[in-house]
Amino acid sequence: MNRYSIFTLIAALAAGAPVLLGQTAGSPDMVKFSKVATPVPGQRVQGSQPAGEFFHAIYTGAAWGDYDEDGFLDLYYSHMNPTIDGSVVYSNLYHNDKAGTFSRVAFSHISPTAFSSPVWLDMDGDGHLDLFVTGLGQAGYHWNDALTQTSGIRAQLYLGDGAGGFEPVSDHGIAPVFNGTTGGKAHNWVAVGDYDHDGYTDLALAGFDDIARMDTEHPEEAVRVVRLYRNVDGQRFELVENPVEGEEPFHGLTDGSVVMCDLDGDGWQDLFTTGYGATRNAEAYIYWNNGNGTFTQGNSLPVYPTTDASCSVADLNGDGLLDLVLTGVYSDTGQKLFTICRNDGTRSFSQVATDNLEGIDGGQLAFGDVNHDGLTDMLVGGHGATHEHTTWLYLNQGNFTFAVVGAYYNDPFGKLGSFSRVTHGSHHLVDVDRDGLLDAWYSGWSNGGCSKGCATELWHNDSGEKGVTANVPPTAPIGLRAQEANGQVVFHWQNGSDEVTPLAALRYNLFVRVKGSNEAFMVIPADPNSGVLRVNELSGALHTTTYRMKLSSGKTYEWGVQTIDNGNLASTFTVAELDLSPSSVETIKAADVKVEAVNGGISYHVAGPTTLTVYMPSGSVVKCAHVVGEGVIPVDVAGVLVVKAESAVVNQSYKVVL
């Protein structure tokens with residue numbers, strides 16, 4: 001069994017079986033949202049847009065990040081505002097005023113960008129959020145043979161100082177692309193994560209490369225790309241040429257999505273891409289990270305691929321593995337789809353029934369536990385197959401079943417409150433006021449919400465009035481240990497816990513910095529002192545209790561780990577030191593793990609500190625122990641069990657029979 005077998009035997013033994021989550025799914029009657037009438041109190045009347053509202057926008061992405069480090073998530077997005085002027089592109093940076101309201105910041109350094117996909121990241125590792133935005137400088141851009149003004153395609157990087165200031169970077173190394181100029185296009189076509197574990201955040205993007213198209217013999221043929229840019233020491237980005245094993249590029253795609261995340265639970269960021277390909281059809285791919293700077297293209301997915309909408313990932317059944325969520329149009333037939341693929345481990349997926357989830361194009365997806373029952377819910381905007389512009393809230397009931405509530409024409413969900421019918425934009429679940437309940441924010445093309453066909457709204461989560469308890473941070477990990485193994489440092493910790501989120505579904509964030517320095521590598525940007533997350537996009541969070549990276553020798557490091565629950569709330573960091581002077585480094589060069597059933601339990605022999613987790617075939621945890629040497633773990637159940645062993649050099653599962 002190889003290193004990708006995190007849940008190999010569990011998936012094989014439990015195929016089709018529900019995961020035992022240990023809590024009861026919340027009722028739709030207990031969920032309530034209310035529209036915030038004036039989320040921007042200081043905003044005056046603009047054109048036909050009423051006072052106190054966000055600038056309206058359609059066909060654009062949005063990103064939430066705490067750019068001024070006051071502990072509250074701020075908001076950035078950019079596009080036209082049809083209620084003011086349908087041809088002018090506006091750059092919108094909104095400061096969170098901590099009371100559930102915002103103020104718009106006039107900021108000339110951030111250039112307006114239409115049809116954009118902004119992302120917050122810490123590009124240079126100084127602990128402050130930076131902003132990357134790619135798209136078009138003008139809303140009216142279109143291909144016009146040799147007369148095309150390719151200078152209108154933008155890729156912009158701004159370095160933040162943590163106090164609200166930004167400095168544009170001109171020589172960042174990223175070639176500009178865009179992803180379409182009409183509705184229905186996805187707006188999560190830029191993703192970030194440290195794919196090579198060198199401590200710097202890398203970037204992946206998809207779209208049209210019109211600059212390259214100008215140099216082709218047949219410029220009418222679109223040049224579709226999916227590109228990976230390696231962050232070079234926090235100074236610039238460098239294109240990774242032919243990253244697929246065998247010296248091949250990624251399949252080029254437009255009108256779709258790209259996600260960087262750990263799909264097989266081996267601790268390395270994989271790539272999930274969807275969109276319209278060179279075949280003139282919808283395509284979808286997974287590229288498995290080999291841990292050596294290359295990727296291997298996975299097998300075909302058991303679904304119809306889609307385009308003209310967003311696709312993403314989320315752990316929907318609480319087993320610790322990210323499932324695939326695909327919306328959009330299957331271009332071969334024009335059918336609108338909403339598909340979920342269960343992650344079965346072993347780098348394989350199986351489609352689950354989604355009969356009550358309406359197929360959509362122009363779809364946008366957001367995930368989080370809105371009713372504090374430990375299950376990941378979905379906020380979805382889209383143009384449905386049966387209903388037109390619609391915003392749905394799909395409440396997770398466990399085992400891939402969902403209670404459907406949404407903004408249909410007759411508002412069938414009554415007590416929940418009627419979300420506006422918005423599609424072709426951005427939908428987000430974010431706790432804007434830090435009251436422990438995820439609020440809803442969305443922007444896009446509306447039906448009935450705006451005379452010019454657009455809406456940008458904030459809906460406060462009032463489910464506390466229905467008896468839903470507010471989320472509280474999970475407990476922090478313990479037992480931190482770092483070791484050198486095979487030329488890398490391996491960080492290891494014991495699981496945190498949460499009152500409702502299943503143990504297997506907990507995620508983790510890690511930081512590493514030279515002791516005494518304010519600069520740090522972080523998997524997810526966060527405040528190292530308070531643990532408060534500084535971004536709302538968490539697809540790159542860790543799903544294992546180990547992490548490997550290269551560190552310079554001869555230094556003393558400080559490192560910490562925090563737990564993240566399904567409500568996207570994080571614990572404080574548990575912090576430890578690591579001295580990499582030659583005399584202090586503990587090295588493990590070989591793995592020696594033996595696990596077998598004995599009377600009354602499971603015996604083990606391990607060469608170094610190891611976490612042994614015992615599972616029922618259903619996936620529920622029987623016992624978790626942190627061991628070294630040899631001994632017996634008492635177990636009071638009988639039958640087939642699975643034991644997962646995790647250490648600095650081992651990540652395997654074993655089948656035992658008691």
Side-chain angles (χ1 to χ4, degrees), residues 35-36 38-40 43-65 73-96 102-107 110-120 131 133-141 154 156 178-190 309-310 362-366 379 381-383 389 391 419-428 430 432 440-459 536:
K35 182 180 177 181
V36 179
T38 54
V40 192
Q43 179 64 55
R44 298 180 179 179
V45 175
Q46 294 283 334
S48 62
Q49 176 176 297
E53 295 186 357
F54 289 105
F55 266 42
H56 294 312
I58 53 177
Y59 308 152
T60 188
W64 291 83
L73 293 173
D74 310 297
L75 171 65
Y76 180 79
Y77 60 97
S78 178
H79 196 62
M80 299 176 294
N81 185 343
T83 61
I84 301 176
D85 187 325
S87 61
V88 177
V89 180
Y90 292 88
S91 181
N92 301 303
L93 178 64
Y94 283 94
H95 179 260
N96 189 328
F102 296 79
S103 56
R104 189 169 184 268
V105 180
F107 214 93
I110 303 179
S111 300
T113 307
F115 307 101
S116 61
S117 181
V119 291
W120 295 102
L131 181 66
V133 188
T134 185
L136 298 170
Q138 53 185 325
Y141 175 92
R154 292 180 174 170
Q156 302 165 125
F178 69 102
N179 204 28
T181 59
T182 61
K185 313 307 182 187
H187 297 294
N188 61 323
W189 44 281
V190 178
S310 291
Q364 298 295 310
L365 301 165
L379 179 71
H383 194 173
H389 311 62
T391 297
F419 289 132
S420 297
R421 304 198 301 273
V422 175
T423 180
H424 294 72
S426 296
H427 284 64
H428 298 260
V430 53
V432 299
W441 182 93
Y442 48 74
S443 177
W445 180 21
S446 71
N447 188 329
C450 169
S451 61
K452 295 286 183 74
C454 58
T456 302
E457 299 175 352
L458 172 65
W459 287 68
N536 197 52

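The model shown is predicted, which means the values in this text are computed figures rather than measured ones. For this chain, numbers begin at 1 and follow the sequence in order.
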Open item on the list: If the test is ring pair (Phe, Tyr, Trp, His ring centres under 6.0 Å), which one of Trp120, Phe102, Tyr94 qualifies with Trp64?
Closed with: Phe102
Open item on the list: Working to the nearest 0.5 angstrom, can you tell me the gap between Glu53 CD and Gln46 CD?
Closed with: 11.5 Å
TODO: Apply side chain to side chain contact (heavy atoms under 4.5 Å, CB included) to the pair Thr134 and Trp189, showing each step before the final yes or no.
DONE: CA-CA 9 Å; Thr134 185; Trp189 44 281; 3.4 Å; yes
TODO: Examine distances only and state if a side-chain atom of Ser443 and a backbone atom of Ala57 form a donor-acceptor pair shorter than 3.5 Å.
DONE: yes
TODO: Without swapping roles, check the side chain of His95 against the backbone of Asp74 for a donor-acceptor pair under 3.5 Å.
DONE: no
Open item on the list: Once rounded to the nearest 0.5 Å, what's the spacing between atom CG of Leu365 and atom NE2 of His428?
Closed with: 11.0 Å
TODO: With rounding to the nearest 0.5 Å, note down the distance linking CZ in Phe419 to CG in Leu379.
DONE: 6.0 Å
Open item on the list: Please find the pair of heavy atoms, one from Ala455 and one from Val422, that lie closest to each other, and give the distance.
Closed with: CB-CG2, 4.0 Å
Open item on the list: What I'd like to find out is whether the side chain of His79 reaches to under 4.5 Å of the side chain of Ile58, using heavy atoms alone.
Closed with: yes
- [ ] Verify the ring-centre separation between Trp441 and Tyr77: is it less than 6.0 angstrom?
- [x] yes
Task: Pair Phe178 + Phe115: ring centers closer than 6.0 Å - done: no
Task: Pair Gln364, Ser426: side-chain N/O donor-acceptor within cut-off below 3.5 Å - done: no
TODO: Verify whether one side chain among Ser91 and Ser78 offers a donor that lies under 3.5 Å from an acceptor in the other.
DONE: no
Task: Any donor-acceptor pair under 3.5 Å from Asn188 side chain to Ser310 backbone - done: no
- [ ] Locate the shortest heavy-atom distance separating His187 from Gly425; write the atom from each residue and the value.
- [x] CD2-O, 3.7 Å
Task: Approximate separation, where rounding is to 0.5 Å, of Phe54 CZ and Leu458 CG - done: 5.5 Å
- [ ] Would you name the heavy atoms of Arg421 and His389 that are closest together and state the gap between them?
- [x] CB-O, 2.7 Å
Task: Distance, nearest 0.5 Å, that separates OG of Ser420 from CH2 of Trp459 - done: 5.5 Å
TODO: Check for a donor-acceptor pair, side chain of Arg154 on one end and backbone N or O of Ala114 on the other, with a separation under 3.5 Å.
DONE: no
Task: Heavy-atom pair of closest approach, residues Gln49 and His56 - done: OE1-N, 3.0 Å
Open item on the list: Rounded to the nearest 0.5 Å, what separates atom CZ in Arg104 from atom CD in Gln43?
Closed with: 6.5 Å
Open item on the list: Can you give me the closest heavy-atom contact between Pro118 and Val133, atom names plus distance?
Closed with: CB-CG2, 4.0 Å
Open item on the list: Please give me the minimum heavy-atom distance between Ser111 and Thr113, naming the atom from each residue.
Closed with: O-OG1, 3.2 Å
